[in-house]
Amino acid sequence: MPELPEVETVVRTLAPHVQGSRIRGAEVLRASAVHPLSLPLDSLPGLGITGVRRRGKLILLDLAPAAEAAMAGSLPSILAVHLRMTGRLLPRPAGMAPGPYTRWLLDLEKPDGTPRRLFFDDTRAFGTVFAATPDLLMQWEFWRSLGPEPLELKPAAFDRQLSGRRAIKAALLDQKVVAGVGNIYADEALHRAGIDPRRPVAELGPAERRRLLAALKDVLALAIDQCGSSIRDYRDADGNAGAFQNSFAVYGRAGESCRTCGKPLSGCRVAGRATVFCPRCQR
């Protein structure tokens, strides 16, 4: 599943293709791709895309009506897209036919009048689109419970988010604790911080918590600089792969040598997720 760096990269590469465009048409090719609480996608035509941003692992397209439609009832102001495992947002030429995995699409008109299309392709068909007003979005439990953005967290706030006896990696994977962190960056941050992923949160001292937050921010920033990690399906909106997978210290490297100490890396499962760590470097 794309994590914070991959979603941030999609946002940055998608924005030049769609920002300022007007939605001229919408088509749903697989009904299950639309969130049950969503307003119908046929309410989107006429709306302009005023911004593209990220919240956790969600891509958010900010929408605004034309001036003459500003009072025309409850129109969506946000289009939230959850890529899940294999979702991809793909800018395409006008008139291009959908592919076998296209789940929904938008017909757009760019500010200069050029027509374009935006496809949402999803091989595994787990991705979700949600056309919403702010009030409607707050009815979505996932959105309502999202934790703070890790790149914006201060040490005191991070400390407040961490509690209980569960393993520290399980806490990092909980989107209610921090938004956007998944298996890759939890493993990489814990290695950088020198903390065993199985350690209970309650056992981490203040210095370790500060070190972990700094490591998490560093790893996420480095991954964003390298356009994320491409392991299977992930590509940005321009179709390019990320490069951070070439810098993994531990993720997916069980049995290989630790790049810090040279000892073999160990594998285990934490919170049901495959986990790799260095028994020597991570205490």
Side-chain angles (χ1 to χ4, degrees), residues 1-8 54-58 82 84 138 140-224 229 244 247-283:
M1 177 185 295
E3 301 179 31
L4 187 156
E6 291 76 46
V7 177
E8 180 66 26
R54 179 192 57 77
R55 177 73 171 100
K57 299 179 185 179
L58 296 173
H82 201 334
R84 300 283 185 183
M138 286 301 293
W140 187 12
E141 170 63 22
F142 176 77
W143 171 266
R144 194 170 61 245
S145 63
L146 276 175
E149 292 288 328
L151 290 171
E152 300 170 5
L153 260 179
K154 302 296 184 184
F158 185 56
D159 188 61
R160 289 193 296 271
Q161 292 296 109
L162 296 179
S163 62
R165 296 291 305 173
R166 62 178 167 174
I168 181 57
K169 180 176 177 180
L172 292 179
L173 294 177
D174 186 346
Q175 299 302 292
K176 298 176 183 178
V177 175
V178 286
V181 178
N183 213 29
I184 294 173
Y185 300 105
D187 275 6
E188 293 295 306
L190 287 163
H191 179 265
R192 182 176 284 252
I195 296 171
D196 189 306
R198 302 166 295 181
R199 283 186 62 191
V201 168
E203 291 184 4
L204 298 180
E208 290 175 307
R209 293 173 181 229
R210 289 194 299 271
R211 192 166 72 241
L212 176 56
L213 178 58
L216 183 59
K217 290 183 176 184
D218 286 347
V219 164
L220 293 173
L222 285 169
I224 291 170
S229 304
F244 190 68
S247 303
F248 286 165
V250 289
Y251 180 80
R253 300 186 60 241
E256 299 180 31
S257 298
C258 175
R259 289 176 173 159
T260 301
C261 72
K263 297 296 183 182
L265 297 172
S266 295
C268 66
R269 297 193 77 81
V270 177
R273 305 298 300 276
T275 300
V276 183
F277 66 101
C278 176
R280 181 170 180 176
C281 295
Q282 295 174 252
R283 302 294 184 179

*Asks:* Contact between F244 and Y251 at the side-chain level, heavy atoms closer than 4.5 Å - yes or no?
*Replies:*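 A side-chain contact is absent here, since even the closest heavy-atom pair is not under 4.5 Å.
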
*Asks:* Minimum heavy-atom separation for V270 to P197, with atom names?
*Replies:*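 For V270 and P197, the tightest heavy-atom pair comes out as CG1-O, 4.2 Å.
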
*Asks:* Residues two or more places apart in sequence or in another chain: which of them pass side-chain hydrogen bond (donor to acceptor under 3.5 Å, both in side chains) with R55?
*Replies:* E149

*Asks:* Minimum heavy-atom separation for V201 and A171, please, with both atom names.
*Replies:*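 In this case the closest contact between V201 and A171 is CG2-CB, 3.8 Å.
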
*Asks:* Quick one: list whatever passes salt bridge (charged side-chain N to carboxylate O under 4.0 Å, His left out) with R165, sequence neighbours left out.
*Replies:*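 With neighbours one apart ignored, the set is E203.
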
*Asks:* Would you sort out whether R210 and D159 count as a side-chain contact (heavy atoms from CB on, under 4.5 Å), showing the intermediate values?
*Replies:* CA-CA 8 Å; R210 289 194 299 271; D159 188 61; over 6 Å; no

*Asks:* Any idea which heavy atoms bring E188 and V250 closest together, and the distance?
*Replies:* OE2-N, 2.9 Å

*Asks:* If we ignore hydrogens and angles and just use 3.5 Å, is the side chain of R209 paired with the main-chain N or O of L213 as donor and acceptor?
*Replies:*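 Not at all, since once roles are kept as given, no pair shorter than 3.5 Å links the two residues.
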
*Asks:* Counting distance only, does the side-chain N/O of R144 pair as donor-acceptor with the main-chain N or O of L146 below 3.5 Å?
*Replies:*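 No, the answer is negative, given that no donor and acceptor are paired below the 3.5 Å cut-off.
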
*Asks:* Extract all donor-acceptor atom pairs below 3.5 Å that involve side chains of residues 260-268 and protein atoms in other chains or at least two apart in sequence.
*Replies:*
none

*Asks:* Sort and list the pairs that fulfil side-chain hydrogen bond (donor to acceptor under 3.5 Å, both in side chains) and have at least one residue in residues 167-177, not counting sequence neighbours.
*Replies:*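 Passing the test, one end in residues 167-177: R166-D174, K169-N183, K169-D187, K169-T275.
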
*Asks:* Going by the salt bridge (charged side-chain N to carboxylate O under 4.0 Å, His left out) test, name the single residue among E8, E6, E3 that passes it with R54.
*Replies:*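 Filter result, single survivor: E8.
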
*Asks:* I184 and S229: which non-hydrogen atoms are nearest, and at how many Å?
*Replies:* CD1-CB, 4.2 Å

*Asks:* Given D196 and I168, is the side-chain contact (heavy atoms from CB on, under 4.5 Å) satisfied, shown in steps?
*Replies:* CA-CA 8 Å; D196 189 306; I168 181 57; over 6 Å; no

*Asks:* Write out all pairs satisfying salt bridge (Lys or Arg N to Asp or Glu O under 4.0 Å) with one or both partners inside residues 273-283, taking only residues at least two apart or from two chains.
*Replies:* none

*Asks:* Heavy atoms, side chains only, cut-off 4.5 Å: are L222 and S247 in contact?
*Replies:*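 L222 vs S247: side chains apart.
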
*Asks:* Taking all atoms of both residues into account, what is the closest heavy-atom pair of V181 and P150, and its distance?
*Replies:* CG2-CG, 4.1 Å

*Asks:* Taking side chain as C-beta onward, heavy atoms only, is L58 less than 4.5 Å from V7?
*Replies:*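 Heavy-atom side-chain distance check fails, nothing below 4.5 Å.
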
*Asks:* Can you sort out the partners of R160 under side-chain contact (heavy atoms from CB on, under 4.5 Å), two or more places apart, ordered by chain and number?
*Replies:* A156, A157

*Asks:* Any side-chain heavy atom of L216 within less than 4.5 Å of one from L153?
*Replies:*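 Not in contact.
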
*Asks:* Just say parallel, tilted or perpendicular for the rings of W140 and F142, cut-offs at 30° and 60°.
*Replies:*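 Ring orientation of W140 relative to F142: tilted.
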
*Asks:* Does the side-chain contact (heavy atoms from CB on, under 4.5 Å) test come out yes or no for F277 and I195, once each step is laid out?
*Replies:* CA-CA 9 Å; F277 66 101; I195 296 171; over 6 Å; no

*Asks:* Between H191 and F248, is a side-chain contact (heavy atoms from CB on, under 4.5 Å) present by the stated rule, with each step listed?
*Replies:* CA-CA 10 Å; H191 179 265; F248 286 165; over 6 Å; no

*Asks:* Going from SG on C281 to CZ on R259, what distance comes out if it is rounded to the nearest 0.5 angstrom?
*Replies:*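 Between atom SG of C281 and atom CZ of R259 there are 13.0 Å.
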
